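Below is one structure, written out as structure tokens; the observations come after it.
Order of the sequence lines fixes the chain letters, A, B, ..., with proteins taken first and strands second; residue numbering starts at 1 for each chain. Source: prediction; values computed, not measured. The figures here come from the full heavy-atom set of this structure, side chains too, leaving out hydrogens, waters and symmetry mates.
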2 protein chains.
Amino acid sequence: MDRVDTRGALLDHATRLVRTRGYAAFSYADLAAAVGIRKASVHHHFATKELLGVELVSRYTERFQARLADIDHHATDPVDALHRYAALYREGLSTGEACLCGVIAAEVAAVPPAVAAGVADFFHLNRTWLTTVIESGKHSGVLNPSQPPPAHAATFLSTMQGATLIARAHNDPPTFTITTTTAIAMLTTDPGPSLP
Amino acid sequence: MDRVDTRGALLDHATRLVRTRGYAAFSYADLAAAVGIRKASVHHHFATKELLGVELVSRYTERFQARLADIDHHATDPVDALHRYAALYREGLSTGEACLCGVIAAEVAAVPPAVAAGVADFFHLNRTWLTTVIESGKHSGVLNPSQPPPAHAATFLSTMQGATLIARAHNDPPTFTITTTTAIAMLTTDPGPSLP
DNA sequence: CTGCGTCTACCTACTAGTAGATAGGGACAG
DNA sequence: CTGTCCCTATCTACTAGTAGGTAGACGCAG
């Protein structure tokens, strides 16, 4: 059969399930029902939940990376890039979806080590990209980081991840926007060491 | 019976389990084994998992609130208060424990509504307390928020929550400290509107 | 006719939750 | 002081349902 792309549909629905419910709280039965096939058929495509989890994270990371490349191509300056970056997290919020890796990070002790490693890679990738953006903003003068760019990158990433979870808990996307706008404003207006 | 405080021991162990594994990924069997009684005896103290979850969140919130009151009493100034606030999150990190409410927020769609409501209350409480601290720091001049204090409070809370999850995913508490120190530094050195 | 995708049917282990028995302690009546 | 009654805490043994995973058969396309 495979008239449409069953494997892709499984990955799509599994991604949505994990991003809303978490890794431990979604099952092959949920996934089979969502896609419209039997549980055993899911196992045909992904023999174990761990294998599915690893692919989920790596596909998510690849797609996220592609979005970062888009930002690199289209952003007018580093400030615009940070706003576009925040918009990536905001996208899923309207349907109750938080960042796949942020969700899995919350239950890191309950997921297979290979899945946890993929999540750590995702965070590392994001910190690296943000460091580059902040550095270029510093050099061009549109950003005024008072601390080393890697420290600001870690902080900005943390803010995005936390803001996503908190805004979703309140079902309140506007608060997410206020939070991210504030985080970006703090990077633009900071002149360095405090004035005498 | 009840020679020692069984109920308290159950709450202690359940808190630890949720903070490391998440809500969905811990079971009454785990909890019973951890405390050293049978599963049915856990049900004697907490009839349903939802009841246990609600009490877990409310007890955590009460204790957190008490810690905030301690900070109010002992902090030398608002900057010190923010450092002490960050230390609250850092405490659990050495044993792999993230904020109970941050963890549950990640799987909010998979927990009973009453539990999710408790988590939302926790976040609200924290935003309110942080707003007060930032306002007093603004008035005394040790903090220089460029945005309204409530916006900074939401941002700072998001940063703490995100930093906890990310630092734990990397098993890297030093990164947590860098992140929180940076977040506080950004509040102290920001002079307001950007310079011409 | 081979092989892929799907199915039915099943497995074992575990889930939350229940039923009913047992043990000990405290209150109180005689 | 003793016997009875109730309450709390625990236990063993169970339920129905779900978890992830497996075996083997069917049908269809190349």
Side-chain angles (χ1 to χ4, degrees), chain A residues 1-57 103-104 106-116 118, chain B residues 1-18 20-57 103-104 107-116 118:
Chain A
M1 303 295 178
D2 197 28
R3 311 224 288 279
V4 289
D5 179 14
T6 303
R7 187 187 162 86
L10 284 168
L11 287 168
D12 289 344
H13 281 93
T15 298
R16 161 147 242 290
L17 284 169
V18 176
R19 290 180 66 179
T20 51
R21 291 164 166 60
Y23 181 87
F26 102 96
S27 72
Y28 268 39
D30 296 333
L31 182 52
V35 175
I37 59 176
R38 301 292 137 173
K39 207 161 56 91
S41 308
V42 180
H43 279 283
H44 172 74
H45 294 279
F46 302 98
T48 67
K49 196 181 179 184
E50 170 169 1
L51 252 43
L52 172 58
V54 168
E55 184 134 348
L56 239 31
V57 172
V103 166
I104 297 178
E107 42 185 345
V108 77
V111 304
V115 175
Chain B
M1 308 295 177
D2 197 25
R3 310 223 289 279
V4 288
D5 179 15
T6 303
R7 188 186 162 87
L10 285 168
L11 287 168
D12 289 344
H13 281 93
T15 299
R16 161 147 242 290
L17 284 169
V18 176
T20 51
R21 291 164 168 59
Y23 181 87
F26 102 97
S27 73
Y28 268 40
D30 296 333
L31 182 52
V35 174
I37 59 176
R38 300 292 135 172
K39 201 164 59 84
S41 307
V42 180
H43 278 284
H44 171 72
H45 294 278
F46 301 99
T48 69
K49 197 180 178 184
E50 170 169 1
L51 252 42
L52 171 58
V54 168
E55 184 135 347
L56 238 31
V57 172
V103 166
I104 297 177
E107 42 185 345
V108 76
V111 304
V115 175

Without decimals, in angstroms, what is the distance between K49(B) NZ and dT18(D) P? 15 Å

Note, V42(A) side chain near V35(A) side chain (heavy atom, < 4.5 Å): no

Starting at atom CG of L31(B), determine the distance to atom P of dG17(C), rounded to an integer number of angstrom. 12 Å

Going by heavy atoms in the side chains, are L52(B) and L10(B) under 4.5 Å from each other? no

Short side-chain to backbone donor-acceptor contact, K39(A) and S27(A), under 3.5 Å: no

Could you tell me how far apart Y28(A) (OH) and dA19(D) (C1') are, to the nearest whole angstrom? 12 Å

Do F46(A) and L56(A) have side chains that approach each other closer than 4.5 Å (heavy atoms only, starting at C-beta)? no

Side-chain heavy atoms of F26(B) within contact of K49(B), under 4.5 Å: yes

Please check: side-chain N/O of E107(A) versus main-chain N/O of A25(B), any donor-acceptor pairing under 3.5 Å? no

Report yes if a side-chain nitrogen or oxygen of T48(B) is closer than 4.0 Å to either non-bridging phosphate oxygen (OP1 or OP2) of dA16(C); otherwise report no. no

What integer distance in Å separates H45(B):NE2 from dT8(D):C1'? 9 Å

Any N or O donor-acceptor pair under 3.5 Å from the base of dG5(C) to the side chain of H44(A)? no

Take the protein atom NE2 of H43(A) and the nucleotide atom C1' of dC10(C), then report the distance between them rounded to whole Å. 13 Å

Side-chain touch V108(A)/V115(A), heavy atoms, less than 4.5 angstrom: no

If you look at every strand shown and take non-hydrogen atoms under 4.0 Å, does F46(A) touch a base, only sugar-phosphate, or nothing? nothing

I need the residues from residues 10-20 of chain A with at least one non-hydrogen atom less than 4.0 Å from DNA chain D; give them sorted by number, or say none. none

Can you find a heavy atom in the side chain of E55(B) that is under 4.5 Å from one in the side chain of R7(B)? yes

Is T6(B) near enough to dA9(D) that one of its side-chain N or O atoms lies under 4.0 angstrom from OP1 or OP2? no

The side chain to side chain contact (heavy atoms under 4.5 Å, CB included) partners of A34(B) (sequence neighbours excluded) come to H13(B)

Within residues 32-41 of chain A: residues closer than 4.0 Å to DNA chain C (heavy atoms): I37(A), R38(A), A40(A), S41(A)

In whole angstroms, the gap separating P of dA19(D) from CD of E50(A) amounts to 19 Å

